[in-house]
*Asks:* 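Just dropping this structure here.
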Amino acid sequence: MALEGVLLGMGNPLLDISAVVDEDFLKKFDIQLNNAILAEDKHKSMYDEMAAKYNVEYIAGGATQNSIRVAQWMLQVPGATSYIGCIGKDKFGEEMTKNSKQAGVNVHYYEDENTPTGTCAVCVVGGERSLIANLSAANCYKVDHLKQPENWALVEKAKYFYIAGFFLTVSPESIQLVVEHAAANNKVFMMNLSAPFICEFFKDPQEKALPYMDYVFGNETEARTFSKVHGWETENVEEIALKISQLPKASEARKRITVITQGADPVCVAQDGKVTLYPVILLPKEKLVDTNGAGDAFVGGFLSQLVQEKPIEECVRAGCYAANVIIQRSGCTYPEKPDFH
């Protein structure tokens, strides 16, 4: 089957500024591990302090972009994936464009002349990560860019769409255009719960997109927050996954599938009124470098098989493989070739 342009991602392209920090640093800036938040005033000085105090790495990031790059790496077909988002006209932006093109992703960035490329502080303690995003240019994406013929052509060509929940804070209009196109053309639309704050504070745009979601991804913390926000009064991840899969859909062409990861615990897949648990590949603690990008990599691996119409257990197996590779490295990075059979 022809895979060129089969998968399109839209999101917030960010440059990860990653460092192993300490408990005092977390305390000072009021940071919780295994969380993702948007930077506030109190975090302003944090980026410089990180760079001054710790051994910092700069890695192309942003949740959707990570997943798309991993899917691209797993597929090994140049241009199988495309990606849209907003960067600044600066060194970081140039670096990101170069990186993505080398990775084989067909990127169509919107360049904002007045705002720097977005960054994300990745604070690692004991292998667990916390993300503090300063969106900057990523927050300036405009739906007009999507409507330009050369960009809309990517939408027309794609059969699968993946957008992390984080993009709900930036351009719900762009998401709406894509979901309506997907529903009208019987294409597959997928989103991620992405972070507790999205489920809590961006509930309305999330609700608006939900009926169009054929796949919903997330982790156990996000699933529990989603449940709490919806007044479901359950912390049971299997039950929550099932309930999400049964929420109303815009198109009855396919039933919704919910995929919830739980760190080292089994992946929970809800479809057709039942839940299946898939064990992950366990990793000895001493091999864990950091969990940054693990969830994104899982989605990327999953999508690489889904776009080839493989059964769900193969998609999950590929997701677990990709996540296992990424947690043994710093950030969402990978070796030259995958070793997935």
Side-chain angles (χ1 to χ4, degrees), residues 1-14 60-87 93-112 117-118 137-138 141-167 170-171 173-192 209 212-215 217 293 296-297 299-309 318 322 332 334 338:
M1 54 187 294
L3 287 173
E4 199 200 330
V6 72
L7 172 63
L8 172 64
M10 282 170 70
N12 302 337
L14 304 173
T64 307
Q65 184 162 247
N66 284 344
S67 296
I68 293 296
R69 286 164 64 105
V70 169
Q72 178 61 49
W73 170 67
M74 290 282 287
L75 283 163
Q76 294 286 310
V77 175
T81 64
S82 311
Y83 177 79
I84 289 175
C86 183
I87 58 174
E94 275 170 35
E95 197 56 34
M96 195 135 41
T97 307
K98 195 178 88 190
N99 265 339
S100 300
K101 285 188 174 158
Q102 273 170 351
V105 179
N106 180 17
V107 290
H108 282 218
Y109 293 125
Y110 168 55
E111 285 187 359
D112 187 289
T117 295
Y141 188 78
K142 303 282 183 285
V143 71
D144 300 343
H145 177 261
L146 180 62
K147 289 176 179 169
Q148 287 166 11
E150 67 275 21
N151 302 323
W152 190 252
L154 299 180
V155 177
E156 296 275 353
K157 188 157 197 186
K159 295 191 176 76
Y160 296 81
F161 302 96
Y162 175 68
I163 301 179
F166 295 119
F167 202 56
V170 173
S171 188
E173 312 81 30
S174 300
I175 296 175
Q176 204 50 36
L177 278 187
V178 170
V179 297
E180 285 170 7
H181 168 87
N185 295 277
N186 198 15
K187 295 177 175 185
V188 180
F189 179 73
M190 303 167 277
M191 276 193 96
N192 203 309
Y212 295 96
M213 296 181 203
D214 296 307
Y215 287 78
F217 295 94
D296 302 334
V299 173
F302 187 102
L303 297 180
S304 73
Q305 304 308 298
L306 186 69
V307 301
Q308 299 179 76
E309 296 171 9
C332 200
Y334 36 78

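None of the values given here were measured: they were computed from a predicted structure.
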*Asks:* Nearest heavy-atom pair of Met190 and Val188: which atoms, and what distance?
*Replies:* CG-CG1, 4.0 Å
*Asks:* Would you please test Leu303 and Tyr160 for side chain to side chain contact (heavy atoms under 4.5 Å, CB included) and show each step?
*Replies:* CA-CA 9 Å; Leu303 297 180; Tyr160 296 81; over 6 Å; no
*Asks:* Can you check whether Trp152's main-chain N or O pairs, donor with acceptor, with Glu156's side chain at less than 3.5 Å?
*Replies:* no
*Asks:* Per the side chain to side chain contact (heavy atoms under 4.5 Å, CB included) rule, which among Val155, Ile68, Leu8 passes with Ser82?
*Replies:* Leu8
*Asks:* Could you tell me whether the side chain of Glu309 and the main chain of Leu306 form a donor-acceptor pair under 3.5 Å?
*Replies:* no
*Asks:* State, yes or no, whether a side-chain contact exists between Met96 and Gln65 at a heavy-atom distance under 4.5 Å.
*Replies:* yes
*Asks:* Can you tell me how far CD1 of Ile84 sits from CE of Met10, rounded to the nearest 0.5 angstrom?
*Replies:* 5.5 Å
*Asks:* Looking only at heavy atoms, which two atoms of Ile87 and Gly93 are closest? And how far apart?
*Replies:* CD1-O, 3.7 Å
*Asks:* Are any side-chain N or O atoms of Gln72 and backbone N or O atoms of Val77, one a donor and one an acceptor, separated by less than 3.5 Å?
*Replies:* yes
*Asks:* Tell me the closest heavy-atom pair linking Cys86 and Asp112, and the distance in Å.
*Replies:* SG-CB, 3.9 Å
*Asks:* Got a donor-acceptor contact below 3.5 angstrom from the Asn151 side chain to the His145 backbone?
*Replies:* yes
*Asks:* Quick one: does Val299's side chain get under 4.5 Å of Tyr162's, heavy atoms only?
*Replies:* yes
*Asks:* Sequence neighbours excluded, which residues qualify as side chain to side chain donor-acceptor pair (under 3.5 Å) partners of Ser171?
*Replies:* Glu173, Ser174
*Asks:* Please round to the nearest 0.5 Å and tell me the distance separating atom CZ of Phe217 and atom CZ of Phe302.
*Replies:* 4.5 Å
*Asks:* Where the side chain of Lys187 meets the backbone of Ala158, is there a donor-acceptor pair that is under 3.5 Å apart?
*Replies:* yes
*Asks:* Considering only heavy atoms from C-beta outward, does the side chain of Tyr110 approach that of Asp144 to under 4.5 Å?
*Replies:* no
*Asks:* Within a reach of under 6.0 Å around NZ of Lys101, are more than 12 heavy atoms found that belong to other residues, nucleotides or ligands?
*Replies:* no
*Asks:* Do you know the tightest heavy-atom contact between Ala164 and Ala63?
*Replies:* CB-CB, 4.0 Å
*Asks:* If you look at every heavy atom in Gly165 and Met191, which pair is closest and at what distance?
*Replies:* CA-CE, 3.9 Å
*Asks:* Could you grab the distance from atom CG of Asn106 to atom CG of Leu154, nearest 0.5 Å is fine?
*Replies:* 5.5 Å
*Asks:* Under the 3.5 angstrom rule, does the side chain of Tyr141 hit a backbone N or O of Leu146 as a donor-acceptor pair?
*Replies:* yes
*Asks:* So, does Ser304 use its side chain to make a donor-acceptor pair with the main chain of Leu75 at under 3.5 Å?
*Replies:* no
*Asks:* Are the side chains of Phe166 and Thr64 in contact, using a 4.5 Å heavy-atom criterion?
*Replies:* no
*Asks:* May I ask you to test the Trp73-Gln76 pair for a side-chain heavy-atom distance under 4.5 Å?
*Replies:* yes
*Asks:* Less than 4.5 Å apart, side chain to side chain, heavy atoms only: is that true for Ser100 and Tyr83?
*Replies:* no
*Asks:* In Å and rounded to the nearest 0.5 Å, what is the CD to NZ distance from Gln148 to Lys142?
*Replies:* 12.5 Å
*Asks:* Got a sec, which pairs hit salt bridge (charged side-chain N to carboxylate O under 4.0 Å, His left out) with one end in residues 60-69, sequence neighbours left out?
*Replies:* none
*Asks:* Applying salt bridge (Lys or Arg N to Asp or Glu O under 4.0 Å), name anything that partners Glu4, two or more places apart in sequence or on another chain.
*Replies:* Lys157
*Asks:* Taking the side chain as everything from C-beta on, heavy atoms only, tell me whether Val179 gets closer than 4.5 Å to Phe161.
*Replies:* no
*Asks:* Could you check whether any side-chain N or O of Asp214 sits under 3.5 Å from a backbone N or O of Phe189, counting only pairs where one atom can act as donor and the other as acceptor?
*Replies:* yes
*Asks:* Give the minimum heavy-atom separation between Ala322 and Ala297, together with the two atoms involved.
*Replies:* CB-O, 3.4 Å
